[in-house]
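For reference, the structure is listed below as structure tokens.
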2 protein chains.
Amino acid sequence: MDQPTATPARKTVPPSLEEITNRFRTFLATRKLRMTREREELLAAIFHAPRHFEAEDLIRTLKRRDGRVSRATVYRTLALLEECGILRKSLFGRNRHFFESVVGRRHHDHLVCIRTGKIIEFEDDRIEALQEEICRKYGFRMVDHVHEIFGISEEGSAEDDKAKEKAKT
Amino acid sequence: MDQPTATPARKTVPPSLEEITNRFRTFLATRKLRMTREREELLAAIFHAPRHFEAEDLIRTLKRRDGRVSRATVYRTLALLEECGILRKSLFGRNRHFFESVVGRRHHDHLVCIRTGKIIEFEDDRIEALQEEICRKYGFRMVDHVHEIFGISEEGSAEDDKAKEKAKT
DNA sequence: ATAGCTGCAAATCTTTTGCACTCTG
DNA sequence: CAGAGTGCAAAAGATTTGCAGCTAT
């Protein structure tokens, strides 16, 4: 297993909050939409949030601040950020979703631990290439894809073992 | 791009309703659960349903019959059928789900047309192998995975073109 | 000024649950 | 008969939306 390109360590630049804000501002302008205090606060919150977060995490964080942003605005803005290509929405278990910032980051997919909730990122150009090959075969124009692997991480197995110990009682 | 195994046409047997029912009955027995009139009707409805269906489709279908099955029972039983390995739940767009019967069928993933809703099945052993390789690399035990490609099918593009024609008016 | 925003609360949508009653093993 | 399963309606969880008042441009 060593023919195609496995994963060359390409460089990507982690963008600053300013850069992200500008990018969003430009996007908004092209749509005749506006930058607001709420949207800027949201961007800042996302910038400081952990790599993978859920909508409600953001709402909770913002609630603690003074300049509050309503739940409705959070959802409305998250959708815009997704369209703008700043955020990507993925699956966290079969029903929940999480977001992650993707500007300045390479495309990747996830291994999601169903025990601990831990998320491991992986990228594989070979899989990406195969996906494109498949789309070509079916005359399909790919817009997006979801590729999440659910399972149990090493830590998760450890927890399982502990649980079994207890169960013996 | 022609080294590994692409997709040999392995044989799989389409199971009868009886076989599926028996399989479920066995599964229930091992859990000390019971077969009921409702569960049998649900199995029959699934057996006659289109390849890919949503929970609400099933509920609608069953509502038309005399021996009605409640919404709650449908959901409860769908979950059991998934655990039993008779059904698989997949993504139909980012938020909705659809089910499909998998007994006697080979594993596959989907291309989902975001215009027409059309679902194309694809299978690729090379991708499956790469997934396993990745899990090994991260010490991850795969339980399940979701790999759906969203995009626009040929028919979808045609519709788009028609829409553009109209838009010119 | 005026088209976009925002918060709020009500409305959706899908799935889950509590409970009293019914039925399978 | 006991433990499961069922329907119903209420509850829950995650988003979305209508609306009246605020605000970037």
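Sequence lines set the chain letters: A, B, ... in the order given, protein chains first and strands last, and positions in each chain run from 1. Side chains are part of it too, since the values below use all heavy atoms of this structure and drop only hydrogens, waters and symmetry mates.
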Find the distance B:K89:NZ to C:dT14:P and express it as a whole number of Å.
13 Å
Can you tell me the distance, in whole Å, between the NE2 atom of A:H97 and the P atom of C:dT14?
13 Å
Which atom of A:L43 lies closest to which atom of A:M35, heavy atoms considered:
CD1-CE, 4.2 Å
Side chain of B:L33: nearest nucleotide among D:dA4, C:dG4, C:dT15?
D:dA4
Between D:dT16 (P) and A:E56 (CD): distance, integer Å:
12 Å
Please report, rounded to the nearest Å, how far the P atom of D:dA10 is from the CZ atom of B:R71.
14 Å
Respond yes when some side-chain nitrogen or oxygen of A:R39 is under 4.0 Å from OP1 or OP2 of C:dC5, and no when none is.
yes
Please report the distance, rounded to the nearest Å, between CG in A:L28 and C1' in D:dT23.
15 Å
For B:R37 and for B:A55, find the nucleotide of DNA chain C with the closest heavy atom, then tell me which residue's nucleotide is more 5'.
B:A55
Donor-acceptor pair (no angle test) under 3.5 Å: A:R76 side chain, C:dG7 base
yes
Rounded to whole Å, please give me the gap between CD1 in B:I59 and P in D:dG7.
11 Å
So which atom in B:H147 and which in A:I127 form the shortest heavy-atom distance, rounded to 0.1 Å?
CE1-CG2, 4.4 Å
Give, for atom CD1 of B:I152 and atom CD1 of B:I114, the distance between the pair rounded to the nearest 0.5 Å.
4.5 Å
Measure CD/A:E38 against C1'/C:dT6 and give the value in whole Å, please.
6 Å
Using heavy atoms and a sub-4.0 Å distance, could you list which residues of residues 16-27 of chain B are near DNA chain D? By number, please.
none
Under 3.5 Å, is there a donor-acceptor pair linking the side chains of B:E100 and B:H110?
yes
Answer yes or no: does a side-chain N or O of B:T36 lie under 4.0 Å from OP1 or OP2 of D:dA4?
no
Starting at CG of A:L80 and ending at P of D:dT15, how long is that distance when rounded to a whole Å?
16 Å
Using only atom types and a distance under 3.5 Å, with no angle test, would you say the side chain of A:R136 pairs donor to acceptor with the backbone of A:Q131?
no
Assign each of B:R34 and B:S70 to its nearest nucleotide of DNA chain D by heavy atoms, then name whichever residue's nucleotide is nearer the 5' end.
B:R34
Check this one for me: any side-chain N or O of A:Y75 less than 4.0 Å away from OP1 or OP2 of D:dT15?
yes
Do B:I149 and A:V102 sit in one hydrophobic cluster, given that two such residues count as connected whenever their side-chain heavy atoms are within less than 4.5 Å of each other, even indirectly?
no
Scan side-chain atoms only and decide if B:E123 and B:H107 contain a donor-acceptor pair under the 3.5 Å cut-off.
no
